[in-house]
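Throughout, a chain's letter reflects where its sequence line sits, starting with A, and its residues are numbered from 1. Computed from a predicted model, the values in this text were never measured in an experiment.
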Amino acid sequence: MTVEIARHWRLNSQRYSLIGEECPACHYKIFPPRDVCPHCAEEAGPEFHFSGNGTVFSHTTVHTPPEGFEAQSPYTVALVKLDEGPMITAQLTDVDNGAVEIGLPVEMVTRKLAEQGDEGLILYGYKFRPQMAMA
Amino acid sequence: MPIMQANTPTGIVGYGAYVPRYRVPATEISRVWTDGVGGVPIKEKAVAGLDEDTITISIEAARNALHRAQINPALLGAVWVGSESHPYAVKPSGTIVAEAIGAVPHTQAGDWEFACKAGTEAMQAGIGFVGSGMQPYVLAIGADTAQSRPGDALEYTAAAGGAAYIIGRAEESLAEFEATYSFVTDTPDFWRRPQAHYPSHGQRFTGEPAYFEHSVSAVKTLLMELGRSAKDYNYVTFHQPNAKFPQRAAKMLGFEKAQWEAGLLSPVVGNTYSGATMLGLTAILDIAKPGERILCASFGSGAGSDAFSLLVTERIAGRANMAPTTQAYIARRKEVDYALYTRYRGKLSMK
Ligand SMILES: [Zn+2]
């Protein structure tokens, strides 16, 4: 339990708000943060805040979720290509599962991912939803 | 002098709204409980999705406020969340919101509580924090995902939503606080004991001695102390437990429909509790012009009202469209039936 709390806690900033890194050598934007740049193998660089905007690259609807994720089933998981380059896997939200299309412009929101039972922690993290118009 | 004014003038430097996507029409609730017989207090109410709570609502409203303020979140000296539906009984909502928006660790985070006026209390405290020079900016949020007993009169209106305000010095603000005032008495109109899931209320006792007495007294005193009357204001907004109460309070104080209609959201979003008055104000700020005056008065059961007088500055220009407007959230709408609504609100017993 303590190990698990520590693991979630260390991931808070990258999971709540898409904070990654920028490679100082090739300027590749990196998410999630790691030791070396996946593009040029240089040491990964300073913190980079992603805009949260991207498009759906592929998607699938989950009807038989893993343990702990039953409460929000069924839900759609997508491979999202962020505007800054990297591809990440995330749940979609505020969208009808049948209405998701490849190329759909999406934006990051922070939502409840799961709850550790009635007495445990509530886990929050990034999801993506169809982009809202500004005006 | 009973009204409150900071030594250093303060104002709103950024604001943000949030309303969830789902709506349940009031006629759908009356279909289930009264066979559709009798009137309904609003058209429909906003319902939080399965992955939403007061914390997620607060985070999105706060991010919208930051987009409009264009300030570094690390300069927020406090992140305060006012709500009666904090997801944890012990563990602050404020720390999670502060972490998500990048305000940690040099900040004063915490939660406020006073039924539906918890968020406006945080705004008043923010005026004090900034006005005393202790901090450059304070983030004050009001948000709720209100629960109501199935079949109770409150089920038609208990809704979800929230709004966030960044308070800073007047010279940076989109709207200056001219003065604020609170009117409070011990009035048992609505309550919930810690072990109870749903609130209790004093039925007809909620109107005259609670909502109207406190809201009207707060506004009257503020106007009197400022030497103003209703006609000095372009806009007014009140706490909105239904469609009728805020309109009646406005009429009692001499306001006209043109002054209250922009901030009257309860007919289409319901009662968003701590979010209600503050969302009325975001809807007004979305359309307000420099030099216009806004009066706003919250109400919290138990009971009390916080009233604010605001003067819109020239810095309001162009801010509305730097984040989704209140009306954009209201227009984003997916209707759900009573069955889906009960699942979304966790009313189905799974064990
Ligand atoms: Zn590189």
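- Between A/T110 and B/R63, some side-chain heavy-atom pair lies under the 4.5 Å cut-off.
- Closest non-hydrogen pair, A/V95 versus B/R21, comes out as N-NH1, 3.5 Å.
- In this structure, A/K112 and B/D53 approach most closely via the heavy-atom pair CD-OD2, 3.6 Å.
- Residues A/R129 and B/E60 are paired through a salt bridge, judged by an N-O separation under 4.0 Å between the basic side chain and the carboxylate.
- By the neighbour-count criterion of 12 heavy atoms within 6.0 Å, atom CD of A/E70 is densely surrounded, having more than that number from other residues, nucleotides or ligands.
- Contacts of A/Q131 with chain B are absent, with no heavy-atom separation under 4.5 Å from either backbone or side chain.
- Considering all non-hydrogen atoms of both residues, B/A100 and A/S17 come closest at O-CB, 3.4 Å.
- Annotation for A/H59: atom NE2 counts as buried by contact number, over 12 foreign heavy atoms lying within 6.0 Å.
- More than 12 heavy-atom neighbours from other residues, nucleotides or ligands sit within 6.0 angstrom of CD on B/Q195.
- Across B/D51 and A/R111, no two heavy atoms sit closer than the pair OD1-NH1, 3.1 Å.
- Between B/Y18 and A/D94 the shortest heavy-atom distance is OH-OD2, 3.9 Å.
- Not one N or O on the side chain of A/Y16 forms a donor-acceptor pair closer than 3.5 Å with the backbone of B/I96.
- Note that CD1 of A/I122 and NZ of B/K91 are 9.0 Å apart. Values are rounded to the nearest 0.5 Å.
- In terms of heavy atoms, A/S73 sits closest to B/R343 at O-NH2, 2.9 Å.
- By the neighbour-count criterion of 12 heavy atoms within 6.0 Å, atom CZ of A/F31 is densely surrounded, having more than that number from other residues, nucleotides or ligands.
- Residue A/D35 qualifies as open at atom CG: its count of foreign heavy atoms under 6.0 Å is 12 or below.
- Contacts of B/Y329 with chain A are made by both backbone and side-chain atoms, with heavy-atom separations under 4.5 Å.
- Heavy atoms of other residues, nucleotides or ligands lying less than 6.0 angstrom from NE2 of B/H106 number 12 at most.
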